[in-house]
Amino acid sequence: MSTTEWRERLLERMPPELAEEIDIFEGQMELRRKGKIEDRVFAETRLRRGVYGQRYDNGHRHDGLASRELVYPAGDLTKGPETLWDAPGMVRIKVPYGGITPEQLDVIAELAEEYSDSILHITTRQDVQLHYVHIDDTPDLMRRLASVDITTREACGNGVRNLTACPLAGVCHTEAFDTTAYAAALFRFLLGHPDCQDFGRKFKPAFSGCAGEACGLVMMHDFGAIARTSIVDGVERRSFDLYVGGGLGTTPHQAKLLYEDHPVEELLPAVQSIARVFGRLGEKANRNRARIKFLVAKLGIDEFRRLVDEERKVLPHDDRWTSYLPSVEDYTESPVREAVPAPANGAPLPDGYREWLRTNVYRQRQPGYAVATVALPLGDLSSTQTRQLADVARKYVGDAVRTTVEQNIVLRWVAEGDLPALYEDLVAIDLAAPGAGTIVDVTSCPGTDTCKLGIASSRGLAGELRTRLAAKQFELDEAVRGLRIKVSGCFNSCGQHHVADIGFFGNSRKINGVTVPHFQVVLGGRWRENAGSYGLAIGSVPSKRIPEVVDAITTRFVTEREGEESFQDWIARLGKKELGAMIGELKTVPPVDEDPSFYTDWGDARVFTMGDMGIGECAGEVISSTDLELTMAESIAFDAQVALEDGDLARADERAYAAMVAGARALVRTEHPNVPDDPDTIVREFRTRFYDTERFFDRFAKGRFARPLFDRHEAGSPAEHQDEATRSLVEESQLFIDAVHAMEIREAGAQSALV
Amino acid sequence: MTTATTTDLVRIGAKLYAVNPEVIDLDDVIPLFHGWIQQRVLDGVPIDVADYAHVPDGPGVMLIGHEADRSLDLAGGRPGVLYQRKRDGSGDLPERFAASIAAADRLAADVEADPLGHGVRFDRDEILIVVPDRLRVDNDDAALEELREAVTAALATTRPGRTAELTRVTDDPGGPLRIRVRLT
Ligand code: HEM
Ligand code: SF4
């Protein structure tokens with residue numbers, strides 16, 4: 001083993017169990033180097049320690065001219081299937097409920113400088129990520145984290161992921177009580193718990209202090225707890241409403257209420273029982289159906305509850321369920337500075353202070369104190385800024401620092417009288433941008449920058465939108481400023497676009513034989529009420545026209561808004577048809593010789609499919625019949641959405657099914673032009689030609705996007721239409737069509753590689 | 001266990017500052033770096049271009065590589081080119097310092113020669129040496145003294161005949177050791 005001196009230096013400072021785990025991991029690395037562990041097994045081991053792959057780690061990268069091999073010194077040695085040992089990776093640092101101390105920030109800044117690219121990236125689940133890390137550096141990196149009580153354990157892989165919670169917990173006006181101590185206890189309890197090691201997929205928990213606001217986003221989580229209090233015999237009693245089975249991704253689900261008013265003493269055993277049921281009955285073979293949301297949907301919430309109840313009865317008692325409770329009462333976060341009143345009216349204030357105060361400062365429940373948000377562009381800050389911010393935190397708030405799902409950092413317990421000085425200190429380190437939580441504060445997943453699954457550049461788009469909106473933020477109408485934009489690089493929804501007012505996720509379209517980056521526009525998701533409802537897709541627009549989409553939507557919202565009408569209500573009133581028409585004009589892509597910029601992505605100089613393009617093709621207006629048919633299928637899918645919105649579930653169901661049949665027909669006709677127009681034949685032909693042969697399969701989702709077509713075809717029209725099931729089918733129809741496009745692109749690419 | 005000493009330092013960086021930073025257009029540095037990857041003009045394994053232009057005084061636009069990162073760096077509020085070695089260093093310590101300085105020189109020359117550099121020029125008479133390796137060197141005066149001889153020897157080959165003044169940069173005490181070299 002090539003253990004370095006860090007181990008000896010830090011031995012006393014690391015919790016022994018973490019130290020041992022890291023030694024074991026280092027040993028496993030050595031075994032893998034010697035070929036004594038299978039790469040699949042090593043991959044999951046690594047993921048469960050937060051050591052993730054990164055884009056191009058299969059050793060291939062398209063440089064804009066051709067796909068080139070990255071020839072690393074370690075050669076063919078892999079750290080997972082098709083993942084080269086030397087290829088840089090991402091390390092995800094778990095930050096439970098976002099709580100992070102200045103000391104921890106200092107250490108992460110050092111790690112970013114030595115092992116990464118001097119950037120800390122705050123994620124949409126309150127984690128910190130470091131990119132471009134070499135696996136050989138990870139044991140030391142973990143040791144240095146362990147020395148400040150941080151673990152990367154189960155930050156990735158099929159286990160319990162980071163536990164997220166409101167960044168305002170404990171200081172918020174609307175919360176029932178501070179969930180922090182409960183969240184911390186659950187986090188510790190679940191970490192490495194034997195009942196959580198056998199999941200088919202990840203499990204994401206979240207806590208919220210109230211039902212009405214957004215911060216905890218419980219409804220989009222696998223498990224969530226919302227705090228509530230009641231008065232029993234004149235005494236205040238704390239409890240939680242427990243939810244299960246929420247999630248975003250390709251098939252977004254709202255979580256279902258499992259237990260209402262569940263006693264706090266029963267929180268840990270309830271989650272343990274849920275974990276056991278999920279571990280035992282959750283899907284294992286098919287990753288795409290393996291989240292708990294599918295199990296809850298399959299069994300129904302009542303049956304799921306019955307199973308959890310049964311499990312609870314046979315669960316062997318564990319003292320840890322309640323041993324933390326006495327200390328919950330003692331848990332307080334105390335200010336480091338005395339409450340000094342805010343500057344009196346008329347006192348001289350720093351430039352820009354008022355704006356910052358308005359958007360970035362929240363007055364705490366505790367008089368005299370406030371929470372200040374440090375808005376980070378794209379969730380990034382440099383290692384130097386991190387150290388400087390840690391010093392600012394020490395000066396004003398001590399350890400009261402948290403990360404947020406909007407990829408920002410908040411300083412809690414700022415004495416109001418200190419706000420102007422804090423602002424000036426933040427200005428000095430370029431961390432005083434106003435506009436936190438407004439339309440300027442765009443959220444984005446890593447996308448094509450570093451994610452292997454990224455289709456379009458979410459960060460590139462988010463950066464562009466942020467720059468454009470920041471330039472005119474003070475002129476924007478108040479109603480527009482309050483909107484939120486969230487961007488994902490693909491349908492997996494890591495950027496949480498479903499819960500944004502204006503959301504986007506990356507996909508691509510073949511235009512005149514050339515692949516063009518696009519974003520699907522998703523409007524009207526509800527952020528409040530714990531991510532209370534999801535937006536609906538209204539159509540795909542070329543990436544380079546998305547800023548125009550934002551302009552069109554916001555301008556029209558301002559003009560047409562009635563009184564205090566919310567964005568969601570306006571979207572609902574306008575209707576999908578009208579919205580579709582509004583972006584319809586923006587769907588066009590000019591020929592490449594007229595405007596080549598459409599054929600590259602934001603912030604990327606590569607024309608990434610140049611090699612696949614074939615020179616003659618882009619000159620002419622050749623549109624294949626397949627493309628035409630797919631356009632038709634898309635418009636049927638659009639009809640389905642309109643019907644859904646009109647509440648006509650039967651029609652929505654029928655149209656969604658018809659759209660998928662039309663998409664399948666488009667493919668079948670490429671080989672069997674005279675296929676009769678009846679669904680039985682089309683589905684059969686599609687299955688034998690494209691599904692059974694796996695041509696329709698993509699590397700990650702496999703044949704998943706075809707299943708809804710087969711299921712709906714076999715089951716026929718349901719006797720009774722359920723809202724959620726219909727909504728899901730409508731979403732699926734769009735994804736099916738996307739998958740047909742993707743297959744076409746794949747096969748065209750393979751063909752051009754042959755010639 | 002390997003005992004770490006300053007003599008096996010590998011993470012050595014060298015930065016040259018722009019004389020006329022106002023001409024730099026970071027949007028153009030992105031295609032500039034992509035172009036180098038396409039033309040395969042770089043030593044080692046170049047991987048990708050990372051754009052952090054949105055981070056004030058941050059790492060700017062980076063050309064991430066396996067052995068080393070190259071960047072148009074904005075740190076300290078003074079744009080410049082930074083060559084940061086990360087692994088696989090060869091030769092003795094003075095040679096490794098010299099290699100990073102020479103690589104920064106080449107990086108500067110290549111940016112200067114490219115139309116996308118818009119006529120930017122880099123000062124060869126001031127070098128910032130960065131050593132982000134806290135296992136082997138602390139950020140203190142003793143560390144500077146320990147490295148002085150090796151850095152001086154490296155300058156004898158990369159800046160022959162010049163007199164060098166070495167000072168430690170002290171404005172970021174928690175940061176890595178940074179040595180400012182002024183040549184006269
Ligand atoms: C390394 C690249 C990443 C990959 C390969 C990846 C993969 C995925 C996949 C496949 C899903 C869909 C989950 C499902 O329904 O099964 C998903 C969802 C999600 N991911 Fe990622 N992800 C990546 C990075 C991130 C990052 C950096 C974050 C921020 C911490 C993140 C946060 C989320 C969130 C919030 C969701 C939606 C919520 C959910 O249903 O889980 N992901 N991700
Ligand atoms: S949404 Fe897609 S592109 Fe973005 S991080 Fe998730 S998997 Fe990657």
Side-chain angles (χ1 to χ4, degrees), chain A residues 1-9 54-56 61 63-66 68 70-73 86-88 106 109-110 113-115 117-119 131-132 134 136-137 140 144 376-378 380-388 390-391 429-431 433 449-450 459-460 463 466-467 603-606, chain B residues 1-5 11 13 27-40 44-62 64-67 69 71 73-77 82 84 86-88 116 130-136 171-176:
Chain A
M1 270 203 288
S2 57
T3 301
T4 73
E5 219 176 296
W6 276 122
R7 182 174 180 281
E8 314 310 313
R9 277 201 205 178
Q54 212 178 290
R55 208 168 174 88
Y56 317 122
R61 176 178 179 277
D63 67 14
L65 299 176
R68 295 272 170 82
L70 304 171
V71 187
Y72 291 111
D86 274 336
D106 278 344
E110 292 182 2
E113 241 150 29
E114 296 186 34
Y115 306 129
D117 53 10
S118 298
I119 289 287
H131 294 97
Y132 303 106
H134 194 288
D136 289 345
D137 291 330
D140 277 348
R144 294 168 77 177
L376 304 172
L378 305 182
D380 292 342
L381 76 172
S382 72
S383 46
T384 309
Q385 281 180 315
T386 306
R387 267 191 295 277
Q388 292 166 328
D391 285 342
I429 58 175
D430 286 304
L431 288 177
D449 279 13
T450 51
R459 275 168 61 89
R466 187 174 181 281
T467 309
D604 196 333
R606 291 170 291 169
Chain B
M1 192 191 81
T2 50
T3 307
T5 60
R11 297 178 200 270
D27 284 344
D28 279 348
V29 179
I30 298 171
L32 173 65
F33 284 174
H34 277 293
W36 290 353
I37 298 178
Q38 285 171 348
Q39 296 146 26
R40 307 194 195 198
V45 187
I47 297 170
D48 200 14
V49 180
D51 175 9
Y52 296 118
H54 53 278
V55 178
D57 296 353
V61 176
M62 306 180 77
I64 307 279
H66 172 69
E67 303 82 358
D69 295 335
S71 55
D73 180 73
L74 308 175
L82 170 66
Q84 179 62 58
K86 299 191 286 191
R87 61 181 63 82
D88 299 347
L116 293 174
V130 192
V131 192
D133 186 343
R134 291 167 177 85
L135 186 62
R136 294 179 178 81
D171 60 3
D172 183 11

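Because the structure is a prediction, the values reported are computed rather than measured. We name chains A, B, ... by the order of the sequence lines, and we start the count at 1 in each one.
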If you tally heavy-atom pairs under 4.5 Å between each of B:Pro59, B:Pro31, B:Ser71, B:Pro56 and chain A, the highest tally belongs to B:Pro56

Mark yes or no for whether A:Arg61, through its side chain, and A:Arg55, through its backbone, hold a donor-acceptor pair below 3.5 Å.
no

Honestly, the part of A:Asp391 sitting under 4.5 Å from a heavy atom of chain B is neither

Between A:Gln388 and chain B, with a heavy-atom cut-off of 4.5 Å, which part of the residue counts as in contact: side chain, backbone, both or neither?
neither

Salt bridge between A:Arg387 and B:Asp172, side-chain N to carboxylate O under 4.0 Å?
yes

Residue B:Arg11 versus chain A: region with a heavy atom under 4.5 Å
side chain

Under 4.5 Å from any heavy atom of chain A - which part of B:Pro173
neither

Sequence neighbours excluded, which residues qualify as side-chain hydrogen bond (donor to acceptor under 3.5 Å, both in side chains) partners of A:Tyr72?
none

If we define contacts as heavy-atom pairs under 4.5 Å, which of A:Leu70, A:Val71, A:Asp117 has the most with chain B?
A:Asp117

Say whether, by atom type as modelled, one donor and one acceptor occur between the side chain of B:Lys86 and the main chain of A:His134 under 3.5 angstrom.
no

Determine whether a donor-acceptor pair (N or O, by modelled atom type, separation under 3.5 Å) exists between the side chain of A:Gln54 and the backbone of A:Tyr132.
yes

Sequence neighbours excluded, which residues qualify as salt bridge (Lys or Arg N to Asp or Glu O under 4.0 Å) partners of B:Glu67?
none

Between B:Arg87 and A:Asp136, is there a salt bridge with N-O shorter than 4.0 Å?
no

Considering only heavy atoms, which portion of A:Asp106 lies under 4.5 Å from any heavy atom of chain B: side chain, backbone, both, or neither?
neither

At a 4.5 Å cut-off on heavy atoms, which part of B:Ile47 comes close to chain A: side chain, backbone, both, or neither?
both

Measure B:Asp88 against the heavy atoms of chain A and call it side chain, backbone, both or neither at under 4.5 Å.
side chain

Which atoms of A:Arg466 are under 4.5 Å from chain B, going by heavy atoms: the side chain, the backbone, both sets, or neither?
neither

